[in-house]
Participant: 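Okay, here's the structure, questions in a sec.
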2 protein chains.
Amino acid sequence: MSLNVLIIGAVAAGPKAGCRIKRLEPDANVTMLDRDNYISYGGCGIPYYVSGDVADLKGLLSTSFHMVRDPQFFKGAKGVDVQTGVEALAIDRAAKKVRVKDLASGHENDLAYDKLVLATGARPFTPPIAGANLQGVWPVGDLHHAQAIKHAVAQGGVGAAAIIGAGATGLEMAEALADLWGVEVHIIERQDQFLLGVLDPDIARMLQTHMAAQDGVSLHLGADVGGILADDEGKARAVVVDGQEIAVDMVIMATGVRPNDELARAAGLELAQRGGIKVNERMQTSDPDIYAAGDCVSVKNILSGKDAYVPAGSLANRMGRVVGTNVCGGQATFPGVLGSFCIKLFGLSAARTGLNEVEARAMGLDVVAPLVVQADRAHFHPDMAMMYVKLVVEKNSRRLLGLSALGDNGDAVVGRVNAMAGLLAKGGELADLSNLELAYSPPLGAAMDILNTAANVAENMIEGRLRSIAIDEFAKRLASDDSCVIVDVRAIDNAGPYLEQLAPKWRHLPQETIAGREGEVPQDRDVLLICNSGARSYEAMRQLAGAGVTNTYNVGGGVAAVKKWGEPILAPKDEN
Amino acid sequence: MSLNVLIIGAVAAGPKAGCRIKRLEPDANVTMLDRDNYISYGGCGIPYYVSGDVADLKGLLSTSFHMVRDPQFFKGAKGVDVQTGVEALAIDRAAKKVRVKDLASGHENDLAYDKLVLATGARPFTPPIAGANLQGVWPVGDLHHAQAIKHAVAQGGVGAAAIIGAGATGLEMAEALADLWGVEVHIIERQDQFLLGVLDPDIARMLQTHMAAQDGVSLHLGADVGGILADDEGKARAVVVDGQEIAVDMVIMATGVRPNDELARAAGLELAQRGGIKVNERMQTSDPDIYAAGDCVSVKNILSGKDAYVPAGSLANRMGRVVGTNVCGGQATFPGVLGSFCIKLFGLSAARTGLNEVEARAMGLDVVAPLVVQADRAHFHPDMAMMYVKLVVEKNSRRLLGLSALGDNGDAVVGRVNAMAGLLAKGGELADLSNLELAYSPPLGAAMDILNTAANVAENMIEGRLRSIAIDEFAKRLASDDSCVIVDVRAIDNAGPYLEQLAPKWRHLPQETIAGREGEVPQDRDVLLICNSGARSYEAMRQLAGAGVTNTYNVGGGVAAVKKWGEPILAPKDEN
């Protein structure tokens, strides 16, 4: 008899699993349900639909060959039966059937299964903010929300909008509204960092600085939303931020999502402590005939070994395929997640994979985490842009833990992070990164790639040859501390404006003139060595060490990183 | 007493080793010799200097902070003594000294060493072609050649040029002359493939098709150069190709390089069978006090385990650092090469890492090598471009062996190859690639990346679910063979023009209508299933298999790949 597979949820993991099953077992009966009438869509594309980059909603609902993925498509092209507008109410595991309800008619019936796949996804989380349910307040949960937001904006009635939450969705929506529609955007975030728990704080800060410099974008970080105020018609008219009213015409709630795990919970399936359906490496739940995949599951972080909740269309697809294989008796595994991530905002791209510095330290790991700045290809090539990376390496084991990166050439940024992902997945160590053979040609890479350099800097730190000072610490000591001097080792045309404004705290000792002048470096306080990128100042540190001068710290990433980070070292006339 | 290090050669590996040594051991005496007065330059940048992308020769000779790397720079900034215009004549290993000659004065003397580093590089190889030494015939060996070529072109006297050799240098020079200077360029290659031994033949063919379509570029593949003819003044005026004279004003000899290993050979150091100094993983020669690095050494290919000669500035830098560490008593290793490579020509980029299909089969490995075509980011995003990859996987072990890739977004192409490089270096298997967690966001990646897809296609091939036919075989059978039909499973608006011209051999069976129509597929000959990319035709193959129809082959990469490859399926009115 044919295998009877029931799939609940038809957005990403569900369709992937269903189609894979039909390719492996053309005889299987595969039925897929969804509450919604929109199915199999690219939810990550919503901000690009709102912006207009994707002109039509069909773009998010179609295959690459422009066929709309509707129930007819799934029936004809994939052999999968889809029922939309149908909600799963309860799973009877003993009888292997699911109680479902047709939302239009209210009619209920039971669907039997041999194997059940839960792909129930996630829903927007709305924090308890007064006024969160007013008209004009939108979550970014599905295509209905997307349509409503775009419709409102396209009508021209939105002059200003508040985005509550500076995660990926909130930031991408902010760009869509500000950049494409000219809406004045207020990004309001309770934490004092963008993308907390994702990007390294220094890399996130660089992105914040870039966002804050855009026309019509205001950042409110570490800000408390007191509530959303209504006009006479019950429509949102203002957001109260830190006690101040900000007048807006629209509020986007981008405060994260929660897994739809209630059906699984009610059926007695095991959940992760912080929510999400627990699955093994084969994507089976605690009931071996029930699989789960996508935004409704909790996964394992490969590097920390801990439970993680990482809703993402890319993971959902990969998990869905593993489910499909295993439902048909195969032995595919999903080993967990690295947390690979990327985002492009107003032309600047940031990405990460693995653990960031904060996460690694919070786990009690002893790490080095150099910030490295270098050209993203041959420095003499006209397409060159500076790239900024933060590498995280465990000190004793030299195990690679993670990378965050930022730069103007988005594909180049993501390419570095993806190269690191391969190494992380295979338990790579520092020497693997130092020798990683990235392809080289001047228009496309650097003879010594920034990844190789970052590995070498980390090695120098671990071996005690390079003492580094972080940007925030440098900024603090530059502003307030008399226990240090800054020694600028660049040529005078670079160092000049700094000397003019900041001497005697800011001093000058060009790196190529240090030999024999080591005595000019003060011994009674810390010496912070700085150049453009951190390379020459490291060279200076080694020269001074050779002469016995060791009260030195290197400003990793140099002036380039400090500026990108957004520290105004100099008064506005700084032209460097 | 201070460590006394002598380095012969000052272009890439030599300077890297020397500077590293001084950072590790500031007390060391490091002396570096070079025959030339140009030192420490980016030789890979020569085509970009000739084209004008790099306006000034100084661009190739300078640091990223615009300091020219001359002997004064090495002395002041690095503490390394450089002697230019000095040739090493002989190594006396017993006495640990090197006989050197000042080329200007003719004066000879001995330089003692504790550790010797050979970084003697490579020289252009000139095949025995009559007229190869005429005026107007240039190798691309060093900056003197680069200057001479650019000077000649900039004078305006070069209307046509022959490039002999279609390796990376020849192709990049061809682009520099044709694209930037409007020179009519003839690329003449003895083999019938570009970049033989580097790129996969199908990927190379796509690049050839692209080059051949450029204004002013003529390809002569599989062509024999009979000689170069002189005018009355002894200057090259024509190249004889397959017996025909091609009038040119300049000839570029880009026929590869050979390692400068004579000094090592004369000193009795071990060489690789095909030339190049033999080194261990610590980059020591057969004399433990003599290290070697860069274009003069033979290295191990990590995947084949065999000797390889891979001259490249990127490898030279990484090897130089390993030498520097080990000269100072460290334990760094250089594990060998993957053969990572990339090139950008007239806006199209190609890259590879690991073994290509031909190399793997030549080693006797049983492999699958799917050609996969997919968008390089979300297919609905406006920045999307199609990408073409060929993945090579060993069948039984499922060990990853290599990847070639091609596409319009060069950074995206190289990013995929670099991600594969990390996996290859760590002995990655097919499942690692299937689950590789590439970062995803619509402007920067795809939910199911082309690397994940390629791994999945390879798995389907290994498990016998997908029988594939290569493009060249498809082209052959389309043209000449009555033992097959082609079944186009796309919609009629795509398939129409093909049916009009090629029916009854070209037939139509839209994939979503196959259920119930399996009997329409002929059983008496091979059925070649085709769609745009190979995905729907695979779906069709599975549907037909479910109905017991198994005389099917999938055209991997579909019509998109066939067209990119350059097969004119249809007469010129083809508008698809």
Side-chain angles (χ1 to χ4, degrees), chain A residues 23 26 42 44-45 48 53-54 59-60 64-65 76-77 313-314 317-318 334-335 337-338 340-344 349 351 375 378-382 409-412 414-415 417-419 421-423 425-426 428 432 435-445 447-448 511-512 532 542-543 546, chain B residues 23 26 42 44-45 48 53-54 59-60 64-65 76-77 312-314 317-318 334-335 337-338 340-344 349 351 375 378-382 409-412 414-415 417-419 421-423 425-426 428 432 435-445 447-448 511-512 532 542 546:
Chain A
R23 284 189 291 264
C44 313
Y48 305 94
D53 276 335
V54 179
L60 303 184
S64 54
F65 43 94
S314 50
N317 270 285
R318 288 177 209 131
F334 181 82
V337 301
L338 300 169
S340 296
F341 169 86
C342 61
I343 193 165
K344 184 175 184 179
S349 295
H379 65 81
F380 53 75
H381 194 276
N409 294 318
D411 289 337
V414 171
V417 160
N418 289 343
L423 288 179
K426 298 298 289 177
D432 297 315
N435 280 319
L436 183 63
E437 193 181 325
L438 298 111
Y440 169 54
S441 162
L444 298 170
M448 200 70 167
Q511 186 263 318
E512 67 278 12
N532 273 338
R542 296 309 304 154
Q543 286 178 289
Chain B
R23 285 191 290 265
C44 312
Y48 305 94
D53 276 337
V54 179
L60 303 184
S64 55
F65 43 93
S314 49
N317 270 285
R318 289 177 208 131
F334 181 82
V337 301
L338 299 169
S340 296
F341 169 87
C342 61
I343 193 166
K344 184 175 183 180
S349 296
H379 65 80
F380 53 75
H381 195 276
N409 294 319
D411 289 337
V414 171
V417 161
N418 289 342
L423 288 179
K426 298 299 288 177
D432 297 315
N435 280 320
L436 183 63
E437 193 181 326
L438 298 111
Y440 169 54
S441 162
L444 298 170
M448 200 70 166
Q511 186 262 318
E512 68 279 10
N532 273 339
R542 296 310 303 156

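What you see is a predicted model, and the numbers here were worked out from it, not measured in a lab. In what follows, chains are A, B, ... by sequence order, proteins preceding strands, each numbered from 1.
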Participant: Distance from B:Ile343 atom CD1 to A:Ser441 atom OG, nearest 0.5 Å?
Facilitator: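 Taking CD1 in B:Ile343 and OG in A:Ser441, the distance rounds to 6.5 Å.
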Participant: Relative to chain B, which of A:Asn317, A:Val337, A:Asn409, A:Leu444 shows the most heavy atom pairs under 4.5 Å?
Facilitator: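 Result: the option with the highest number of such pairs is A:Leu444.
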Participant: Identify which part of A:Ala378 has an atom lying under 4.5 Å from any heavy atom of chain B, answering side chain, backbone, both or neither.
Facilitator: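 Neither part.
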Participant: What distance separates A:Lys426 NZ from B:Leu423 CG, expressed to the nearest 0.5 Å?
Facilitator: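 It comes to 7.5 Å.
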Participant: Report which part of B:Asn435 has an atom under 4.5 Å of a heavy atom belonging to chain A: side chain, backbone, both, or neither.
Facilitator: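 Its backbone and side chain both get close to chain A.
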Participant: Hey, which of B:Ala77, B:Gly546, B:Gly410 has the most heavy atom pairs under 4.5 Å with chain A?
Facilitator: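 Of B:Ala77, B:Gly546, B:Gly410, B:Ala77 has the most heavy-atom pairs under 4.5 Å with chain A.
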Participant: Taking all non-hydrogen atoms of both residues, which atom of A:Gly59 and which atom of B:Phe380 are closest, and how far apart?
Facilitator: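 Here A:Gly59 and B:Phe380 meet closest at O-CB, 3.5 Å.
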Participant: At a 4.5 Å cut-off on heavy atoms, which part of B:Ala375 comes close to chain A: side chain, backbone, both, or neither?
Facilitator: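 Contact with chain A is absent: no heavy atom of B:Ala375 under 4.5 Å.
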Participant: Of all of A:Met448, A:Glu512, A:Gln543, which one pairs up most often with chain B through heavy atoms under 4.5 Å apart?
Facilitator: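 It is A:Glu512.
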Participant: Answer with side chain, backbone, both or neither: which region of B:Phe334 has an atom nearer than 4.5 Å to a non-hydrogen atom of chain A?
Facilitator: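 For B:Phe334, the contact with chain A is made by backbone and side chain together.
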Participant: Measuring from atom OH of A:Tyr440 to atom SG of B:Cys44, what distance do you get when rounded to the nearest 0.5 angstrom?
Facilitator: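 Rounded to the nearest 0.5 Å, the OH-SG separation comes out at 4.0 Å.
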Participant: Output the option from B:Gly45, B:Pro382, B:Gly313, B:Ser340 having the highest count of non-hydrogen pairs under 4.5 Å with chain A.
Facilitator: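 Answer, by heavy-atom pair count under 4.5 Å with chain A: B:Ser340.
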Participant: Work out which heavy atom in A:Arg542 is nearest to a heavy atom in B:Pro26; give both atom names and the distance.
Facilitator: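 So the two residues come closest at O-CG, 3.7 Å.
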Participant: Do A:His381 and B:Val54 touch side chain to side chain, with heavy atoms closer than 4.5 Å?
Facilitator: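 They are not in contact (no side-chain heavy atoms under 4.5 Å apart), so the answer is no.
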Participant: Measure the CG-CD distance between B:Leu338 and A:Glu437 for me, rounded to the nearest 0.5 Å.
Facilitator: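 Taking CG in B:Leu338 and CD in A:Glu437, the distance rounds to 4.5 Å.
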Participant: What's the separation between atom CG in B:Asn418 and atom CG in A:Leu438, rounded to the nearest 0.5 Å?
Facilitator: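 Answer for the CG-CG pair, B:Asn418 versus A:Leu438, is 4.0 Å.
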Participant: Flag the one option from A:Gly422, A:Gly415, A:Pro442 with the top tally of heavy-atom pairs under 4.5 Å to chain B.
Facilitator: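 Of A:Gly422, A:Gly415, A:Pro442, A:Pro442 has the most heavy-atom pairs under 4.5 Å with chain B.
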Participant: When heavy-atom pairs shorter than 4.5 Å are enumerated against chain A, which of B:Ala351, B:Ser349, B:Ala412, B:Ala421 gives the highest number?
Facilitator: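 Of the options given, most contacts go to B:Ala412.
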Participant: Measure across B:Leu436 and A:Arg318 and return the closest heavy-atom pair with its distance rounded to 0.1 Å.
Facilitator: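 Result for this residue pair: O-CZ, 3.4 Å.
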Participant: Calculate, to the nearest 0.5 Å, the distance between atoms OG and NE2 belonging to B:Ser64 and A:His379 respectively.
Facilitator: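 Rounded to the nearest 0.5 Å, the OG-NE2 separation comes to 5.5 Å.
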Participant: Name the member of A:Gly445, A:Pro335, A:Ala425, A:Gly42 that forms the most heavy-atom pairs with chain B at distances under 4.5 Å.
Facilitator: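 Among A:Gly445, A:Pro335, A:Ala425, A:Gly42, the one with the most close pairs to chain B is A:Pro335.
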Participant: What part of B:Ala312 lies closer than 4.5 angstrom to a heavy atom of chain A: side chain, backbone, both or neither?
Facilitator: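 Contact with chain A: none, neither part.
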